[in-house]
Amino acid sequence: MNAPAKNDDFAQKPAAIPDGVYAETVLAVEHYTDRLFRFRMTRPAGYRFRSGEFAMIGLMVGEKPIYRAYSIASPAWDEELEFFSIKVPDGPLTSHLQKIKPGDTVLMRKKPTGTLVLDALTPGKRLYMFSTGTGIAPFASLIRDPETYEKFDEVILTHTCREVAELKYGFGLMEEIRNHEFLAEIVGDKLKHYPTVTREDYPFQGRITDLIENGKMFTDLGVPPLDPAIDRGMICGSSAMLKDTKELLEKAGLTEGANNKPAEFVIERAFVG
Ligand code: A2P
């Protein structure tokens with residue numbers, strides 16, 4: 001018979017958006033590799049966050065919302081929200097999220113949070129942002145925030161990926177800043193980008209931890225070794241990367257801070273792996 005089964009009938013109705021969350025509209029999607037993409041969406045009126053914080057982002061999958069923590073990659077002043085995401089083929093959220101198109105709805109819980117914020121650091125001169133993979137996302141926010149350059153004379157963004165193609169988002173950010181009508185002047189030559197690759201030939205090669213330990217990062221950047229009196233750090237990557245980088249900063253005499261106890265460095269896991 002041609003009559004649809006009762007279940008099909010039911011599935012065709014759009015699932016109701018849960019109470020108490022924002023339902024925002026996707027504005028743009030850009031795919032970088034088969035593992036990485038970014039999207040921009042509308043920002044709810046009155047939604048406030050500090051650059052570097054993360055939000056819970058979700059989609060209705062069938063009748064149920066599925067959420068994951070995502071660093072907000074856009075700065076606090078931006079009218080839109082940007083996110084940088086991995087695509088996991090069988091990931092509960094990213095297998096669906098990677099298919100979004102402009103006009104689609106993305107859910108966001110109301111409260112942003114996180115430790116990769118300028119307030120969690122004591123005053124210093126040079127700010128290192130150590131990232132691997134999608135761990136660059138919170139720094140995409142912070143390097144586009146004028147407050148970062150009010151607080152620091154020099155900002156060094158390190159980004160390590162397995163392959164060269166995965167560095168593209170970071171290069172795009174640098175270009176955007178250079179061409180931006182007001183950021184270009186505020187940032188000037190304070191921001192240095194240090195991209196490295198671990199599984200392909202590239203002028204800058206190796207894990208950031210190795211490049212700190214053997215001193216090559218400092219030589220390449222033309223900066224002195226880590227100094228707890230002036231250097232500050234933020235770390236975002238996999239759990240193993242956080243642990244290893246944190247150990248190196250502690251060895252150099254820096255201590256870990258938090259929102260309620262600012263110190264010389266802060267860490268946050270790059271959530272969706
Ligand atoms: P490698 O290729 O040597 O594993 P992933 O996608 O696995 O999160 O890795 C992203 C990047 O982070 C890769 O370049 C990877 O290097 C590097 N990486 C992985 N684990 C660590 C670690 N414990 N310390 C520093 N870098 C790491």
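Atoms within a ligand are numbered from 1 in the order they appear, just like the ligands themselves. Here the structure is a predicted model, which is why all the values come from computation and not from measurement.
- Not a single N or O atom of T160, backbone or side chain, sits closer than 3.5 Å to an N or O atom of ligand 1.
- Here the side chains of Y169 and L36 are not in contact, with every heavy-atom distance at 4.5 Å or above.
- Polar contact with ligand 1: present for R199 (N/O pair, distance under 3.5 Å).
- Scanning the protein for heavy atoms near atom 18 (N) of ligand 1, the closest one is R207 NE, 3.8 Å.
- Tested against H193, the residues F171, F139, F204 include a single ring pair (Phe, Tyr, Trp, His ring centres under 6.0 Å) partner, F171.
- When the side chains of ILVMFWY residues are joined at heavy-atom separations under 4.5 Å, either directly or via intervening members, F49 and M56 end up in two distinct hydrophobic clusters.
- Among protein heavy atoms, the minimum distance from atom 8 (O) of ligand 1 is reached at S238 CB, 4.2 Å.
- The protein non-hydrogen atom at the shortest distance from atom 25 (C) of ligand 1 is T209 OG1, 3.3 Å.
- Considering only non-hydrogen protein atoms, atom 17 (C) of ligand 1 sits nearest to T132 CG2, 4.1 Å.
- Among pairs with a residue in residues 69-98, those fulfilling salt bridge (charged side-chain N to carboxylate O under 4.0 Å, His left out) read R38-E82, R40-D78, R40-E80, R40-E82, E82-R144, at least two apart in sequence or across chains.
- Ring-plane geometry between H31 and F37 is classed as parallel, the angle between the planes falling under 30 degrees on a 0 to 90 degree scale with a further cut at 60.
- Among all protein heavy atoms, the one lying closest to atom 14 (O) of ligand 1 is T198 OG1, 2.6 Å.
- If you look at A270 next to ligand 1, there are no close heavy atoms at all, none under 4.0 Å.
- M60 and I57 are not part of a single hydrophobic cluster, where members link through side-chain heavy atoms under 4.5 Å apart.
- Every N/O-N/O distance between G133 and ligand 1 stays at or above 3.5 Å.
- Among all protein heavy atoms, the one lying closest to atom 23 (N) of ligand 1 is D244 OD2, 2.9 Å.
- In this structure, the protein non-hydrogen atom closest to atom 9 (O) of ligand 1 is R162 NE, 4.0 Å.
- Annotation for ligand 1: atoms under 4.0 Å from non-hydrogen atoms of C161 are 14 (O).
- Because its NZ or CZ atom is not both nearer than 6.0 Å to the ring centre of F152 and within 45° of the ring axis, R232 does not count as a cation-pi partner of that residue.
- Short contacts between ligand 1 and A240, defined as distances under 4.0 Å to a heavy atom of the residue, involve ligand atoms 23 (N).
- Between Y70 and F39, the two ring planes are perpendicular [angle over 60°; tilted spans 30° to 60°].
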Which atom pairs, one a donor and one an acceptor, fall under 3.5 Å between side chains of residues 15-25 and the rest of the protein, sequence neighbours left out?
| residue | atom | partner | partner atom | Å |
| --- | --- | --- | --- | --- |
| E24 | OE1 | T42 | OG1 | 2.6 |

